[in-house]
Structures are given as C-alpha cells and as structure tokens.
Amino acid sequence: MGSFAIFRADRWGRFLLLTGGSLALGLSFTLPSNLLRVALQVLGAVSLYSALYLPRYTLLYAGFYAVGLGGVALFELSPSPLGVFAGWELTAVAGLGLLVWGKGYSKQALEVGRLIFLTNRLGDVAWLAALAAPHCGWGFLLAGAVKAGLFPFTFWLVQAMQALPPVSALLHSALLVSLGVYWALRYPNWTAGLDRGVFLGLGSLSAWGAALGAVVARHPKVKLAWTTAAHLAISLALLPAPSAQSYLFHHSYLKAALFLVFGAAQRRGGFSLGSAAIWVANAGALILSAPPLPPLLLGAECLVAFALGQVPHGLGWAIQAFRQMPLREGLLLAPSVLLGFLSLFENSLSLPPADSLLPLLAFLLALGWSKTPLAFRLDRFSLWAFQGLEWAWEGFSRWVAQSDNQLNRLWRLLYQIARRSNEGSRWAEDYLTARGWRQVAGRLRQSMAQLAAPEMPLPYARALVWGWAITLLGMLLWRLSS
Amino acid sequence: METFLLNFLWLGPVGVSLLSSRLSLRGLSLLAYSHGLLQLSAWLYLYLKPLPLLYQVRWFALGEHTIYYALGALPENVALLLLTILLGHAALLYELRQLERPQDFSTLLYLILGFAQGVFLARDIVLFFVFYEASLIPAFLLIYGWGGSNRRQAALKFALFTLSGSVVLLIGLLWALTDRGSLWEAWRATPLTWGPWVCLTLGLAVKLPLIPLHSWLGEAHVEATSAGSMVLAGLLLKLGGYGLLSWVWWRPEVGDTFLRLWGSIGLLLATGIAAAQIDLKRIIAYTSIAHMALVAIGAGSPSILARQGAYHQLFTHGLVSAGLFAWAGWLEKAAHTRTLPQLQGLLTLKPSWHLAGIALTFAAIGIPGSALFISEFLIVWGVGTGTGWGWAIFPALSFLLTAAYFLRVYRLLALSPAKALLKPLSTNLPEKITWFLIVLSVASGLYPTPWLKLLAHVGP
C-alpha cells in the first residue's frame with residue numbers, strides 16, 4: 001500500500017468526482033436517448049456518491065470512471081470500427097483498473113481483475129473475428145454474452161463482487177455489462193443473419209440460469225450480480241423490439257441505485273428504514289414497469305424479483321434496524337433516489353402491464369422471507385471450465401518452452417559438432433603438414449641432394465636437385481602425354 | 001537540399017562514428033544530443049515535404065543490369081527513419097556512463113544507426129542488401145564486446161544465423177534481379193516467382209525472426225547489454241520485417257497462405273514460450289518474436305489494411321519493445337538479477353518503477369490508447385476482411401494470450417513481498433529514457449493520425 005502514495009491526492013480527487021459528477025449529470029440531459037446519456041447519468045450519480053463514500057484513492061477512481069465513460073462514448077459515437085472496438089475494450093480496462101488498483105489492492109483483487117479482463121478478451125477474439133466476416137452476428141453475440149456476463153459466463157461478474165459498491169454500481173449498470181446487449185441496438189446491421197428466435201432462445205435460457213443462480217446465492221452482492229445477468233438476458237431475449245432498450249436502460253438505473261443503497265447499508269452495518277424504502281421503491285419501479293414478457297421470460301423475471309426481495313433480508317428486519325440517519329449518510333442515498341426517479345422517467349410513467357403483478361408478488365413474498373438460501377454456487381462449473389482452459393494453456397506453454405529448449409540444445413549440438421569437426425580437420429591438416437608432407441619433402445630433398453652432388457656447396461646443390469626433379473617431372477609428363 | 005538530407009540520414013551517423021572514438025565521456029554525451037537533434041531536424045524537414053522524395057545515380061553495372069545508388073523517403077519508411085533516430089540515440093545515452101570502452105560502444109551503435117537508416121532509405125535491392133549486411137557486423141561486435149558472460153557464444157550464434165540468412169537472401173535477390181532489375185519500382189511492379197520468393201522470405205525470416213529460425217534472438221537479448229537489446233529489438237528486427245513488407249511485395253498466392261500460416265503458428269508458439277519463462281529479458285524477447293510474427297501475418301495478407309497494420313506494427317513495436325528492455329535493464333541494475341522469483345515485489349519499493357511497470361504492461365498487452373493496439377487491430381481486421389474470419393482468430397488471440405502472461409508478470413513484480421536487495425543507481429538516465437519511450441509509445445497510441453494518414457498511401 002505504501003507504494004501508492006502517489007495516488008493519494010484525495011482533495012483533488014474529491015473535487016474531480018464532485019465537479020465531474022455534476023457535469024456528467026448536466027450534460028446527460030442535452031443528449032438524445034442512448035446509452036451515453038444513461039452512462040452519463042449513472043456516472044454522475046456514482047461520482048457524487050463516491051466523493052462521500054470513498055476514503056482515499058479518489059483521484060484514481062475519478063480517472064478510471066473517466067476511462068470507462070470514454071469507452072462508452074467511443075463505442076456510441078465513433079464512426080470507425082477501430083474506435084468502436086477501442087470503446088468496447090476501454091470499459092474492460094476501466095473494470096480492471098478499478099478492481100486492481102482500487103481499495104481492494106491485493107493479489108486476490110488482481111486475480112479477479114485479470115479474470116475479468118481475460119474473459120472479456122476471450123469475447124473480443126470472437127468480436128474481432130466477426131468484424132472480419134460480414135453478416136456474421138454469432139461472433140458479436142458471443143462477445144456480447146461474455147461482456148454482459150450472461151449465463152454461463154456470469155462467473156466473472158460474480159467474481160467482480162470484490163469491488164467497492166460504487167464500482168459495482170458503475171460496471172453492472174451502464175459502463176461495462178450493458179454494452180453486451182446494447183451493441184445489437186446500436187449496430188443492428190451486425191445482427192444480420194441472426195434469427196429473432198436465436199435471441200429469444202439464448203436470452204431465455206440464460207435468464208433462467210442466472211435467475212436460479214440469484215435465488216440460490218447467499219451474499220447480497222452476489223445475488224445482485226446474478227440478477228444483473230438475468231435482466232440483461234431478458235433484454236437480449238426481447239431484441240429487436242424497442243422495449244429491449246427501455247428495459248436495458250431501466251435496468252441500468254435500477255442496478256446502479258441498488259448497489260449504491262447496498263453500499264450505504266454496508267457502511268451503516270444494516271438496512272435502515274430509509275434505505276429499505278429506497279430499495280423497495282427502486283426494485284418495485286423496475287418490476288412494475290417491466291414490458292409485457294412471454295411466459296417463459298415472465299417465470300424468470302419472477303425468480304429475479306424474488307432474489308431481489310431477498311437482498312434486504314426481510315422488511316421486518318429493516319424496520320427493526322431503523323435509526324436516525326445522519327445527514328452525511330442521508331446524502332449518500334441521494335444519488336440512488338435520483339436514479340430511481342430517472343428509471344421511472346425512462347419508462348415515461350407508463351401504467352404497469354398486468355403481468356408485472358406476478359413478479360411484484362414474488363418480490364413482496366421474498367421481503368418477508370426468513371429462510372437462508374442454499375449454499376450452492378452455480379458459477380462454479382463455468383469457473384472450473386475457465387480455470388481448465390488456463391491450465392491447458394499453461395501446460396501447452398510449458399511443453400512449447402521445453403521444445404524450444406530442445407531446439408536450442410540441437411543448435412548447440414550442431415554447433416559443437418561443426419566446431420569439433422573443424423578442430424579435427426585443422427588437427428589433421430596440421431598433422432599432415434608437420435608430420436607428413438614436411439618430413440617426406442625434407443627426406444626427399446636430402447636424399448636427392450646427396451644423390452645429385454654430395455660434395456657441392458648447399459645453394460648450388462639445392463638448385464641442382466630442384467632442376468633434376470623438375471626435369472624428371474617434365475619427362476614423366478611428356479611420357480604420359482605421348 | 002533534400003538530396004543532401006537523404007544522404008545525411010545515413011552518412012551522418014557513419015561519419016560521427018569515426019569521430020566518437022576519440023571523445024571523452026562528456027563529449028560523447030554532447031555529440032549524442034547534438035547529432036540526435038540534427039538528425040531529427042533533417043527528418044522533420046523531409047517529413048514536411050510532399051513525399052516521396054527520391055535520389056538516384058548510377059552506381060555500377062552487374063552483368064547487363066545497372067545498379068543504382070538510390071535513396072528515398074516514402075510514406076512507408078518515414079516513421080521508421082524517425083524510430084531509428086529516436087531509438088538509436090536513446091539506446092546510446094541509456095548506459096553510456098556505465099559501460100566499459102564507451103567510445104567503442106558508441107562507434108558501433110552509430111554504425112548500426114547509419115546502416116539501419118540505409119536499409120530503410122534504399123530504393124535499390126543491391127544497396128538494400130549492402131546496408132543490411134553492413135549492419136550485421138557492428139551488431140555482432142556489440143553483442144560480442146559488451147554484456148553477459150556467454151556473450152561471445154551468443155554473438156557467434158547471431159552471426160551464424162544471420163549470415164546464413166544473408167546467403168539465402170543474396171541468392172534470392174540475384175535470382176529475382178535477372179528479370180526485373182534492381183530498382184524498387186520494378187520490384188513492386190513484377191510478381192515474384194517461387195524460387196526467388198522462397199529464398200527472399202527465408203533470408204528475411206531469420207532476421208524477423210520466425211520460429212524455428214529464432215534461436216539466436218533469445219540468447220542475443222539475454223546476453224547483450226540493455227542498450228544492445230533495445231537496438232536489437234527496436235531496430236534490427238525491423239530490418240527483416242521491413243524487407244519482407246517492402247521488397248517481397250508480390251508473392252505467389254500459395255506463398256501468401258504459407259506466410260500467414262507460418263506467422264500464425266509462430267505467434268502461438270512464441271506466446272507459449274514467453275509464458276513459461278522466468279527471465280524478464282527472455283520474456284520480452286519472446287514477446288518480440290510474437291509481435292513480429294504479427295508483421296509476417298500482415299505481410300502475408302492480400303489486404304492493404306493488414307499491410308498498413310504491419311508497417312505500423314514495425315514502428316509501434318520498436319517503441320514498446322525498446323521501452324520494455326529499458327525498463328528490464330533499469331530493474332536489473334537496481335536488483336542485480338533478472339529472474340522473476342528474485343525480482344518479486346520489486347515494484348512496491350518505488351512508485352515510479354510501479355507506474356512505469358503499469359504503463360509498459362498496458363503497452364505490451366495493447367490496451368486502447370497504447371501504440372500496439374492500433375497496429376494489432378489493423379492487422380486483425382485486415383487479415384480477416386482479406387482472407388476470412390478464420391485467419392483473424394490467430395492474430396486476435398495475441399490480444400488475449402499476451403495479456404494472460406503479462407498480467408501474471410505484473411502480479412509477481414508488484415504484489416508480492418519484496419525480496420530483492422537494492423543497489424542505488426549511479427545515474428537516473430535509464431529511468432529518464434524509459435519514461436521517454438513510454439511517453440512516445442502512449443503519444444503514438446493516442447494520436448496515431450500522422451502516420452496512419454501516410455500509410456493510407458501504401459498500396460499496389
């Protein structure tokens with residue numbers, strides 16, 4: 001932790017969070033209806049909340065909030081695929097940064113951040129491949145499912161619960177996961193080649209899986225993560241109907257607000273009446289204004305509503321925990337109230353469709369539910385599968401590295417053989433020169449000199465010997481050639 | 001003026017190399033700064049002129065062919081000229097004060113700098129080959145003379161591999177020369193036949209390097225000094241990549257497929273090998289091999305977009321890999337080791353090391369806003385649109401796999417209790433130069449427009 005002194009510019013950070021939050025909220029009302037507007041509103045609310053909530057590293061949080069928002073803006077506004085992909089990626093980078101270098105800076109946090117980032121990048125491989133193949137919506141669908149954490153990819157969303165509540169509020173609402181469904185609304189031509197039934201089928205299956213995960217989860221934050229996946233899956237199933245966008249945005253407001261309320265409750269040590277009221281109002285608003293759903297999805301929505309109702313752990317308990325709320329903590333809840341209003345506004349205060357009453361009943365039933373959920377984690381299997389992939393890659397990596405070492409050894413062996421053969425040939429050449437040719441030539445010369453003129457002085461004798469030898473050679477050659 | 005400056009870009013460093021052997025340490029530093037500024041000014045002048053700028057005179061006759069002394073600044077090479085100036089001088093200043101025989105070291109480095117500029121500038125294949133070969137000699141001596149205990153063996157291996165590659169390259173170029181002459185324009189206009197293509201590709205693949213011709217690189221990087229590694233990864237590998245992109249232009253169609261396949265397999269293997277290493281420099285070296293395999297994939301794609309990405313990758317990888325080696329060298333100097341288990345927790349000791357580590361981890365894994373992101377995206381997109389989405393999966397996997405092991409390296413360095421004992425550094429130049437390279441890499445990632453605009457002119 002000591003090494004992070006550089007990030008402790010708290011005052012600046014708080015100032016940035018407050019001014020950035022206000023600016024974002026102000027700007028959001030000037031934009032036409034799209035994800036960027038929702039992102040600005042959620043970011044504004046979360047920033048104002050964080051300025052009060054976060055004890056330190058506020059500058060770091062402000063920076064990564066901006067990175068995430070920049071990602072959404074690029075995804076929404078960029079005219080080139082490069083910019084769109086950069087935006088898509090930047091949201092994951094913001095998630096990584098907020099998780100790893102945030103308050104929970106630890107090995108575990110980095111592992112979770114790494115898991116999130118790598119899982120998202122796994123989806124990106126499909127995204128990039130789909131970009132290269134016109135009319136191939138499957139790649140985008142897979143990448144979107146990973147990004148949105150749809151079942152069975154919800155495991156990373158559950159792991160991301162290590163983050164602080166404001167970070168979860170941001171990532172689980174507008175900045176990261178929503179892109180996983182929003183791509184189909186923003187770039188409808190990418191879905192070319194995909195039948196509506198594909199969205200309905202995959203979305204329904206995923207919604208049921210995630211809803212079951214939410215019901216059996218124990219920790220409230222984990223429950224919220226599962227409900228996020230279920231709601232996004234329902235949005236996906238509704239595609240390409242316009243209600244999908246409305247539902248998606250409405251979910252963004254709701255989930256951000258619920259995470260913020262949860263954060264306030266966590267700080268206080270339990271739900272107060274005020275926070276429970278905000279909780280019920282927010283969740284109730286979503287459930288009441290949900291679009292008409294097919295029966296299969298309605299069942300999933302009932303389960304999700306039940307899981308949402310379980311989070312405050314019973315209305316009676318919340319009322320018992322009633323205490324006078326200090327002003328500061330009251331202020332903490334202000335952004336979630338704002339988001340609750342925005343979610344109602346998003347649905348234009350339309351009268352609730354009749355089939356919203358069933359989920360509402362499930363929600364109310366769960367508010368008084370006192371039984372502890374099962375201790376069963378549905379994401380365990382997907383997590384094992386991902387870890388299996390990692391182990392397989394590590395095994396492959398070790399094997400390739402060993403092969404590379406073998407290759408290096410082979411080169412070294414070849415080099416040694418070449419060097420030894422070179423040394424051997426040099427030795428042979430030296431031996432032949434020193435022991436062989438030189439001695440033979442010397443003896444020949446001596447014997448010829450003696451034979452030619454033993455009593456003569458040496459230079460003259462040598463000339464004679466050479467003359468004689470050359471003559472002999474010449475005669476031999478002449479003889480052979482004739 | 002343009003002619004003078006084109007010549008000055010390569011002759012300047014070669015001339016200065018003669019001068020540097022007689023200077024004091026202070027003189028060498030002054031010379032590096034002043035020569036760097038002069039070279040930068042010359043480059044800027046050329047960059048601001050409408051490209052291409054060409055200079056060509058007859059050199060000699062080779063049989064019935066005339067060989068030219070032809071130089072040119074083109075949209076494809078202008079960023080690489082800048083890279084050479086920046087990296088060459090950064091590497092020179094990086095550890096000038098800590099090396100033995102700094103005069104000899106700087107002489108060799110200036111020679112590499114000059115010859116590398118020559119390779120990028122050459123518009124005649126024979127001139128290209130001459131510069132290409134000439135750059136090997138000072139590189140060999142640089143590895144041979146400075147670095148770890150096994151440097152001589154590493155230098156010898158480097159020489160054996162690259163010279164063998166050069167022989168094949170020479171055969172290929174002489175073979176191809178017979179039907180097209182030696183000028184670049186003629187080479188770009190006439191498709192290569194099988195024989196010359198195989199020779200040229202093999203010759204250049206040694207320098208790129210592509211697996212299994214890469215064995216020289218790991219040892220050379222590990223044994224060379226940090227400045228040597230910076231030049232090796234940042235400049236010398238680029239000569240092979242540039243040759244492949246610029247001179248081996250038209251290929252037989254099956255050749256294209258082969259090159260893509262070779263690059264894809266090489267990419268996967270290099271990433272796998274990198275993930276299993278525990279020596280920081282070796283990890284960076286194998287990451288370089290993986291990143292250069294992407295260049296081969298881009299070069300083997302018929303898509304113009306992929307080629308533009310590959311040219312862009314040459315520039316961006318030069319900055320990032322040199323930055324990574326500078327960082328590794330900086331840590332090594334402080335901790336006297338490069339082994340990850342012994343370096344564990346090192347980044348927790350100093351915030352500036354940590355920030356540099358984060359920035360370089362992000363740069364290596366190519367997040368948006370970093371230089372490599374743009375080039376890798378262009379390659380993936382181009383390869384996919386040009387040859388089908390199946391081919392795009394391999395380069396796209398590099399986004400995932402590089403992140404997998406680099407984040408693990410970061411975890412070990414930043415989140416474990418510190419083990420290493422630190423030695424105070426005598427100079428903070430390595431730190432400054434690492435930051436200089438990080439800033440350049442981020443700047444070229446955030447504002448890639450100048451070169452992307454130029455690369456838009458690359459095409460048949």
Side-chain angles (χ1 to χ4, degrees), chain A residues 1-7 67 70-71 74 81-83 85-90 92-93 96-97 100-101 105-107 109-111 113-114 117-118 121-122 124-134 136 139 390 393-394 396-404 407-408 410-412 415 418, chain B residues 153 156-157 160 211-212 214-216 218-219 268-269 271-277 286 347-355 358 362 365 367-369 373-374 377-378 380-393 395-397 399-401 403-405 407-408 410-411 414-416:
Chain A
M1 288 288 184
S3 65
F4 268 81
I6 197 161
F7 294 132
V67 169
L74 265 175
L82 177 67
F85 184 62
W88 180 266
E89 273 269 293
L90 271 181
V93 174
L96 173 76
V100 175
W101 294 291
Y105 177 68
S106 64
K107 257 187 180 178
L110 178 59
E111 270 312 302
R114 186 169 165 268
F117 193 70
L118 293 184
R121 282 220 154 169
L122 196 61
D124 293 347
V125 175
W127 198 99
L128 285 167
L131 183 71
C136 182
E390 265 208 303
W393 166 248
E394 279 167 16
F396 171 76
S397 164
R398 273 196 296 274
W399 174 72
V400 180
Q402 278 167 5
S403 308
D404 188 53
L407 186 69
N408 272 332
L410 179 70
W411 286 123
R412 212 167 291 147
Y415 172 71
Chain B
Q153 197 179 337
L156 209 56
K157 201 170 179 185
L160 282 175
I211 287 177
H214 68 290
S215 278
W216 63 269
E219 282 181 35
L268 201 64
L269 295 178
T271 320
I273 299 169
Q277 303 301 317
Y286 279 102
L347 298 186
T348 57
L349 300 175
K350 232 179 160 185
S352 63
W353 296 359
H354 200 160
L355 278 182
I358 293 171
F362 275 175
I365 64 183
I367 67 152
F373 172 79
I374 294 156
F377 179 83
L378 287 177
V380 176
W381 191 20
V383 168
T385 47
T387 52
W389 63 270
W391 284 106
I393 285 182
L397 271 176
F399 271 101
L400 171 70
L401 300 175
Y405 67 81
L407 285 175
R408 184 163 290 168
Y410 171 76
R411 184 190 64 182
L415 291 169
S416 311

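Each chain gets a letter, A, B and so on, in the order its sequence line appears, and its residues count up from 1.
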Report yes if some heavy atom in the side chain of B:L400 is under 4.5 Å from a heavy atom in the side chain of A:D124; otherwise report no.
no

Nearest heavy-atom contact between B:W389 and A:A129 is CB-O, 3.1 Å

Do you know which of B:I393, B:T271, B:I211 has the most heavy-atom pairs under 4.5 Å to chain A?
B:T271

Specify whether A:W101 and B:F362 have parallel, tilted or perpendicular ring planes, treating 30° as the upper limit for parallel and 60° as the lower limit for perpendicular.
perpendicular

To the nearest 0.5 Å, atom CZ of A:F396 lies from atom CG of B:L269 at 5.0 Å

Is the shortest heavy-atom distance from the side chain of B:V380 to the side chain of A:W127 under 4.5 Å?
no

Tell me, for A:W393 versus chain B, whether the close heavy atoms (under 4.5 Å) come from the side chain, the backbone, both or neither.
side chain

Sort out for me which of B:P212, B:P395, B:G369 touches chain A most, counting heavy-atom pairs under 4.5 Å.
B:P212

Mind checking what makes ring pair (Phe, Tyr, Trp, His ring centres under 6.0 Å) contact with B:W391, not counting sequence neighbours?
none

Pick whichever of B:A274, B:G384, B:G390, B:G386 has the most heavy-atom pairs under 4.5 Å with chain A.
B:G384

Heavy-atom nearest pair, A:R121 first then B:I365, reads NH1-O, 2.7 Å

Of all heavy-atom pairs linking A:S397 and B:A275, the shortest is OG-CB, 3.4 Å

Distance (rounded to the nearest 0.5 Å) between A:D404 CG and B:H214 NE2
3.5 Å

Any non-hydrogen side-chain atom of A:W411 less than 4.5 Å from a side-chain atom of B:W216?
no

With A:R412, which residues qualify under salt bridge (charged side-chain N to carboxylate O under 4.0 Å, His left out), at least two apart?
B:E219

Quick check on side chain to side chain contact (heavy atoms under 4.5 Å, CB included): which of A:V67, A:V93, A:L82 does B:P368 satisfy it with?
A:V93

At a heavy-atom distance under 4.5 Å, which candidate from B:A392, B:G218, B:A403 has the highest pair count against chain A?
B:A403

Can you tell me how far the CG atom of A:L118 sits from the CZ atom of B:R408, to the nearest 0.5 Å?
9.0 Å

Looking at B:V383, B:L378, B:L156, which makes the most heavy-atom pairs under 4.5 Å with chain A?
B:L156

Rounded to the nearest 0.5 Å, the CG atom of B:L407 sits from the CG atom of A:L96 at a distance of 6.0 Å

Contact between A:F117 and B:I367 at the side-chain level, heavy atoms closer than 4.5 Å - yes or no?
yes

Counting only non-hydrogen atoms closer than 4.5 Å, does A:Q402 touch chain B with its backbone (N, CA, C, O), its side chain (CB onward), both, or neither?
neither

Could you go through the ring-ring contact (aromatic ring centres under 6.0 Å, His included) check for B:F377 and A:W88 one step at a time?
CA-CA 13 Å; B:F377 179 83; A:W88 180 266; over 10 Å; no

